[in-house]
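If you're wondering where the values come from, they're calculated on a predicted model, not measured in any experiment. Each ligand, and each atom within it, is numbered from 1 in the order the structure gives.
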Amino acid sequence: MSVLDVLEWPEKVLDTRADEVTVFDAELESFTKDMADTMHDAKGIGLAANQVGVLKRVLVINIPFQEGDEESEERGLEPEVKMPWHDKLFVMVNPVLKNKKGKTRYQEGCLSFPEVYDFVERSENVVVEYQDVKGKKHELEADGLMAICIQHEIDHLDGIVFFKRMSRLKANTIRRKMMKRASIKTMKAEVKA
Ligand code: CO
């Protein structure tokens, strides 16, 4: 098990589009395992390769089912019903949104933005086409938190962090908060050195 470092914005790699994966080898498979370990260790429900500093179109998602999840309701979702995608690890290579329908709003968080949660409007229902670690093609239709998560993670692969989907006012507040956090980190590192 290898837990990788999760990078925080404004690391440039988070604003950069990741490249298509063309080689499906043991190295790719071991990288996706490290990504899953990293996501579980950080208690996240999704992770894109950009967030660990790798510009490859790879994402992992694993949404645990929580009965009567009040937190999700407060954040904008209907009471949860157990769906086939709950409690299942998805590894998506070269994911592409094929279809999107409807609108939904959910208070999203992101491992690259600790302690930041805010509402983002996204499509309610999506169809995603992706390859697994062996290169085999799959298609998945999703709604609820899974649809939101797929869109959030594909955005990462396109170099789009979630505040870019918010109002300019909210985006600026988050940008300032993260800049301040980064400068405090740099100061601490300088004191140590
Ligand atoms: Co994120």
Using a strict cut-off of less than 4.0 Å between a Lys/Arg side-chain nitrogen and an Asp/Glu carboxylate oxygen, indicate whether R75 and E108 qualify as a salt bridge. no
Using a strict threshold of under 4.0 Å (side-chain N to carboxylate O), is an ion pair present between D158 and K164? no
Taking the side chain as C-beta and beyond, is there a heavy-atom pair between I150 and M92 under 4.5 Å? yes
Quick one: does F31's side chain get under 4.5 Å of V91's, heavy atoms only? no
Can you list every pair that meets salt bridge (charged side-chain N to carboxylate O under 4.0 Å, His left out) and has a residue in residues 110-121, with sequence neighbours left out? D118-K170
Quick one: does any side-chain atom of H40 pair with a main-chain N or O of D37 as donor and acceptor, under 3.5 Å? no
Protein-derived N, O or S atoms lying under 2.8 Å from the Co ion (ligand 1), waters excluded: 3
